[in-house]
Amino acid sequence: MNDFASDLMRVLDQRGYIHQATDAAALDALAARQVVPAYIGFDATAPSLHVGSLVQIMMLRRLQQTGHKPIVLMGGGTTRIGDPTGRDESRTMLSDTDIDANIASIRTVFEKLLTFGNGPTDAVMVNNQDWLGTLGYIEMLQKVGTHFTVNRMLTFDSVRLRLDREQPMTFLEFNYMILQGYDFRHLAQVMGARLQMGGSDQWGNIVNGVELGRRMDGTELFGLTTPLLTTADGRKMGKTASGAVWLNDDQLPAYDFWQFWRNADDRDVGRFLRLFTDLPLDRIAELEALEGSAINEAKTVLADEVTALVRGTDAALAARRTAEETFAGGGGEELPAISVGAEGIGIAAACTALGFTASNKEAKRKIAEGAVRVDDIAIADPGHMIAPAGGEIMKLSLGKKKHGLVRF
């Protein structure tokens, strides 16, 4: 641990958020003497962010908790281009209506984790379309383009890796880092932003913004990134076999969200508790020290705490209750469910409809392996029909962790 003077840097360090910083000592000194407005950018490519973005949202929460001002930058303008970082293909273009609807939907999660308002440390949400959309092309080239060299731009991972894989990069995407750099400069001028934070894959883009502010205005700006977040088994955070773990209620049931955290690898529990909950560090140390089957207590606490933050206390309690009922053999009203007619549904189709499997072919393989149960009875026939048998609901399970309801 570093010996930081500011609450901001000390908390970020103790909880494991810091990977790189442009000048950690100077940023620490600044945060110790004044309120630091800081921002993170989020593109609006879907109606919800997923768990992979939660570490960034929690960084803004830590910023506010330590007396500083979070700025949530929604990329209404940059979403029209698409960040090429880590991608082999260009993004699908979205309409203005789609982007605006996505931003409105995404905001609902931020409102649960940050306090918005007009005070000096209240969070604000801004949209870079408001300034990028008014820039003329020639003006942009004159004002900003002269501060970027193609030689340097070609060295950044977002460009170099795409070219190394011989994947095409459009000129539109090539401009993304310029626009992101301009965002930092604009927010520094208009809102006094001094710090941009983000994932480690954004380091090059953040450094561009720091340098642009110095060259154009002589302003000292700072950048800070978090470590690349992967699970202990090497998987990218927020991705599962059945798809993305979305933050918004209407994109993923609360039970599935809770269960994602409950199923965390034993080796990830302490790290996740520090990053994604507000529990005191001494309590986290106690939970992290649990061994054997006792670590499941820590996983349940993790699931409860994160779900309460992101979905609300009621959703967390309902999800926990559903899990307890499910593993005790009960039904559980918060489980994912499908509704079918009185004629029933094939068991393979039901597995796919509930999201347990990606295809009926995969479902039939799982059934043949004996991994699928109806009302806790193993079914080995891939052609089995799930039909009403004296009740309106039947429980379908795949393995020990996936459960859903078939309603007639």
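Here the structure is a predicted model, which means the values were calculated and not measured.
- The shortest side-chain heavy-atom distance between Asn263 and Lys299 does not fall under the 4.5 Å cut-off.
- By the 4.0 Å N-to-carboxylate-O rule, Arg321 lies too far from Glu324 to be salt-bridged with it.
- Ring geometry, Trp258 versus Tyr255: the interplanar angle falls under 30°, so the pair is classed parallel (tilted spans 30 to 60°).
- Ring geometry, Trp261 versus Phe272: the interplanar angle exceeds 60°, so the pair is classed perpendicular (tilted spans 30 to 60°).
- Between Leu224 and Ile206 the shortest heavy-atom distance is O-CD1, 4.2 Å.
- What you find for Lys69 and Asp122 is that their closest heavy atoms are NZ-O, 2.7 Å.
- Using a 4.0 Å cut-off between a side-chain N of Lys or Arg and a carboxylate O of Asp or Glu, Arg262 and Asp304 do not qualify as a salt bridge.
- Ion pair Arg185/Asp217 flagged as a salt bridge, since at least one NZ, NE, NH1 or NH2 atom sits closer than 4.0 Å to an Asp/Glu carboxylate oxygen.
- Not counting sequence neighbours, the partners of Phe42 by the ring pair (Phe, Tyr, Trp, His ring centres under 6.0 Å) test are Phe110.
- Few gaps surround NZ on Lys112; more than 12 heavy atoms of other groups in view lie less than 6.0 Å from it.
- Under the ring pair (Phe, Tyr, Trp, His ring centres under 6.0 Å) criterion, Phe184 pairs with Tyr39, sequence neighbours left out.
- Here Asp278 pairs with Arg62 in a salt bridge; the nearest charged N to carboxylate O distance falls below 4.0 Å.
- Leu195 has its side chain out of reach of Leu221: every pair of non-hydrogen atoms, C-beta onward, lies at least 4.5 Å apart.
- Minimum interatomic distance between Arg320 and Thr300 (heavy atoms only, all atoms of both residues): NE-CG2, 3.3 Å.
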*Residue pair Asp28, Arg10: steps toward the salt bridge (charged side-chain N to carboxylate O under 4.0 Å, His left out) verdict*: CA-CA 9 Å; Asp28 182 43; Arg10 187 164 53 250; over 6 Å; no
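- Under a 3.5 Å cut-off, the side chain of Asp13 and the backbone N or O of Asn2 do form a donor-acceptor pair.
- When the shell of 6.0 Å around CD of Glu369 is examined, it contains more than 12 heavy atoms from other residues, nucleotides or ligands.
- Residue Phe222 forms a side chain to side chain contact (heavy atoms under 4.5 Å, CB included) with just one option from Val36, Leu30, Val210, and that option is Leu30.
- When the side-chain hydrogen bond (donor to acceptor under 3.5 Å, both in side chains) test is applied to Arg107, the partners found at least two apart in sequence or on another chain are Glu111.
- Between Glu288 and Arg274 there is a salt bridge, since at least one side-chain N of the basic residue sits less than 4.0 Å from a carboxylate O of the acidic one.
- Residues Phe257 and Trp246 keep their aromatic ring centres 6.0 Å or farther apart.
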